[in-house]
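I have placed the structure first, in the form of structure tokens, so that the comments after it can refer back to it.
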Amino acid sequence: MHRLDSLRRLPFLDALDNDEIRHVAAACEERQYAPNEVIVEEGATSVGLFVVGAGVASVLKAVRWRRQQAIAKLHAGDHFGEMSLINNAPISATVIADGKVECLFFPRASFMRVLDEHPAIGRKVLWSFAQTLSHRLVEADRRYARALYVRDRGAAVVHLTSLVVLYSRIVWAYSRVFLRWKLGIPYRPERLSRIHRRSAQLFRDVACRLKGANVKMAQLASLQAHLLPTEVIEELRTLRDQVTATEYPLIAGMIQSEFGLGPLEIFADFDKVPIAAASMGQVHEARLVTGERVVVKVLHPGLERSVRIDLWVIRSVFKVLARFLKKVDLMQLYREAEEPLHEELNLLLEAKATEQIGRELQRMGVRVPRVYWHHSTQRVLTLEYLNGVKLSDIEQIKSWGIDRRKLMQSYMDAFLRQALEGGYFHCDPHPANAFCMPDGQLALLDFGMVKKLPAIVRTGLMKEILGAFFNNPTLYADGVIERGVVGERERVLLESFAREVFADPQMRSAIFDHDIKGTGDVKNLSGKMGELLKKLDTFRTPQNELMFVRALGITIDVCREVYPEEAVSQLVMPVAIPIFRRFLTENPQYAQLPPGELADAWTRIRELLEMARSSLRVQRTRLERDVTGMFQTALQRLLVFSQTDRRTWPE
């Protein structure tokens with residue numbers, strides 16, 4: 001092998017003259033390798049440059065554990081390992097001789113010695129290295145961009161195909177259930193239970209793989225114990241924070257791309273196994289070099305693509321449904337759902353919301369983790385570690401001796417005061433995002449999905465909710481009209497609807513407690529709302545409240561799950577009364593009600609209590625519903641008269 005000819009083939013030695021090339025050649029070694037002999041092992045460091053003089057070698061790359069695949073062939077004149085001349089980076093592949101191979105080897109130590117002894121060679125070689133590396137990086141970027149484009153298109157096809165297959169199988173399964181029910185030959189309960197569980201498992205498995213909006217849907221569905229079968233709740237509950245985790249190398253790569261350093265270079269310690277994985281990202285425990293214990297939230301790679309596809313599917317479905325639902329602007333609802341999903345892709349927005357809402361929550365005695373800004377970027381968020389358990393871990397909360405009733409009142413109070421008084425609130429307070437500390441303090445986490453309610457919407461919602469909860473039709477109608485949902489001329493219809501629905505104990509139980517005894521309750525409530533919608537000529541789809549309605553439903557369901565011993569409407573009473581009292585103080589016009597209504601309420605309560613004392617034939621459930629409904633009315637009147645004239649109270 002002629003050393004000078006071999007070295008002149010190398011691009012980064014082009015600038016050297018003949019004397020300088022001879023100095024380099026003198027530092028090289030000639031080596032020979034037998035067939036199947038390893039020339040260099042993947043992962044080796046500080047090796048040097050190899051130039052193939054004769055023969056053929058194979059380049060192997062590890063594709064999985066204990067398995068390698070040939071990715072290229074090296075012939076006479078080819079070279080590899082040049083980057084190990086200037087740094088300690090490990091060799092990225094294994095090279096094996098296919099037959100007898102002759103190589104010219106330039107060790108890294110010899111290269112460094114030549115640079116020290118001949119500075120002119122060093123300047124020329126390093127400049128050529130920089131130019132060659134620059135060209136290689138540009139070409140690598142182009143290849144990577146093309147590969148990403150092809151991969152994304154392929155992933156999009158797989159994503160859509162998975163969704164189509166999933167929903168087709170679920171629709172087919174329940175179509176058979178419906179058909180057999182209509183024919184009078186329904187499935188046995190055991191078979192129906194298996195169908196529920198299998199469908200939920202299919203959805204869970206696909207959502208785990210695709211992540212994004214599908215997991216959000218599953219998390220919301222897992223709280224609907226009053227509507228969905230038990231088997232579905234059990235299967236989907238795991239998606240609150242146990243989504244299939246992304247492999248650590250990809251997470252490390254994400255951190256490397258954000259900071260330019262790996263996890264173990266930024267943090268003193270970094271647990272490779274996540275402590276939780278959810279729809280948008282996963283959380284790893286770590287420790288800063290200054291000693292603080294933290295958690296690091298990292299977005300799943302490819303999440304942007306997944307969210308983009310999910311939103312396209314939702315938009316397409318809404319466009320089809322919009323042809324049949326003329327009165328409801330489904331695209332308005334889509335835009336409200338789209339905004340928070342896009343914002344969750346930027347963890348710096350979550351960090352900002354954590355601090356902003358956290359200041360308000362801390363005044364209420366709610367714990368919020370501290371943000372470490374120097375260790376946070378758009379895709380990586382570092383927060384203080386909080387030692388607590390999820391609200392759904394009821395057994396641990398009981399073992400600590402925590403008052404669950406007080407804990408849930410704190411939880412509901414935090415949400416209502418955030419939304420109705422502050423206007424800036426946490427939109428996703430499911431049990432995995434709310435912790436109970438060992439001392440019973442409530443902690444809220446994951447402020448990726450937040451919403452700012454406009455003042456007019458916030459005021460209108462407060463009137464509507466308080467009017468419904470305290471059975472005040474005038475206040476309810478004012479709230480709906482103020483938000484611009486209907487015009488003033490529809491007031492009579494709204495007040496009539498409020499009197500009929502919010503005075504009915506069964507309806508109140510379905511709305512405020514999510515206590516639905518059967519399909520009849522759902523049909524009755526939806527039927528009345530459908531009738532009202534048909535009669536409202538000035539109806540406009542509500543704006544800026546979809547996230548509020550979603551979050552309110554979640555808080556009610558969480559209260560039912562954590563403290564099922566008491567109806568949510570009774571549990572929240574100590575929280576709602578101060579809010580209502582402050583509202584009446586600021587709006588005294590709603591305190592001007594006929595005094596006779598209070599006496600009527602007290603009379604009805606006395607009658608019911610007398611019936612309970614004198615007769616055992618009164619149905620207990622009916623009595624409880626009636627007493628509860630009348631107590632709500634009487635309490636509202638007491639609050640009203642506490643703001644006006646106490647002399648009008650009944651004896």
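Model, not experiment: these values are computed from the prediction.
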To the nearest 0.5 angstrom, please state how far the [atom1] atom of [X] sits from the [atom2] atom of [Y].
{"X": "Arg379", "Y": "Leu348", "atom1": "CZ", "atom2": "CG", "value": "10.5 Å"}
{"X": "Leu444", "Y": "Arg367", "atom1": "CG", "atom2": "CZ", "value": "12.0 Å"}
{"X": "Gln201", "Y": "Cys208", "atom1": "CD", "atom2": "SG", "value": "11.5 Å"}
{"X": "Phe270", "Y": "Glu285", "atom1": "CZ", "atom2": "CD", "value": "10.5 Å"}
{"X": "Phe447", "Y": "Leu347", "atom1": "CZ", "atom2": "CG", "value": "14.0 Å"}

message: Consider side chain to side chain contact (heavy atoms under 4.5 Å, CB included). Of Gln378, Lys297, Glu343, which one does Glu350 pass it with?
response: Lys297
- request: Scan Ile554, Leu391, Leu571, Val572 and name whichever one has a side chain to side chain contact (heavy atoms under 4.5 Å, CB included) with Cys559.
  value: Leu571
Spell out, as yes or no, whether a donor-acceptor pair under 3.5 Å connects the side chain of [X] to the backbone of [Y].
{"X": "Arg404", "Y": "Ile397", "answer": "no"}
{"X": "Glu265", "Y": "Gly262", "answer": "yes"}
{"X": "Ser399", "Y": "Gln396", "answer": "yes"}
{"X": "Ser376", "Y": "Thr382", "answer": "yes"}
{"X": "Asp513", "Y": "Ser569", "answer": "yes"}
{"X": "Glu336", "Y": "Leu546", "answer": "yes"}

task: Report yes or no: do Ser193 and Glu190 form a side-chain donor-acceptor pair below 3.5 Å?
output: no
message: Between Glu339 and Lys451, does any NZ, NE, NH1 or NH2 come within less than 4.0 Å of an OD or OE carboxylate oxygen?
response: yes
- prompt: Is the shortest side-chain N to carboxylate O distance from Arg315 to Glu338 below 4.0 Å?
  reply: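 Answer for the salt bridge query: no.
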Does [atom1] in [X] sit with more than 12 non-hydrogen atoms of other residues, nucleotides or ligands closer than 6.0 Å?
{"X": "Arg169", "atom1": "CZ", "value": "no"}
{"X": "Met364", "atom1": "CE", "value": "yes"}
{"X": "Trp400", "atom1": "CH2", "value": "yes"}
{"X": "Lys319", "atom1": "NZ", "value": "no"}

task: Could you list the residues that satisfy ring-ring contact (aromatic ring centres under 6.0 Å, His included) with Tyr563, not counting sequence neighbours?
output: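 Scan of Tyr563 (ring-ring contact (aromatic ring centres under 6.0 Å, His included), adjacent residues dropped) gives none.
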message: My understanding is that only residues two or more places apart in sequence, or in another chain, count here; which of them pass ring-ring contact (aromatic ring centres under 6.0 Å, His included) with Tyr385?
response: none
- request: Look at the rings of Tyr174 and His196 and say which category their plane angle falls in: under 30° parallel, 30 to 60° tilted, over 60° perpendicular.
  value: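 If you compare the ring of Tyr174 with that of His196, the planes turn out parallel.
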- prompt: Any idea which heavy atoms bring Val366 and Ala414 closest together, and the distance?
  reply: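 Closest approach of Val366 to Ala414: CG2-CB, 4.0 Å.
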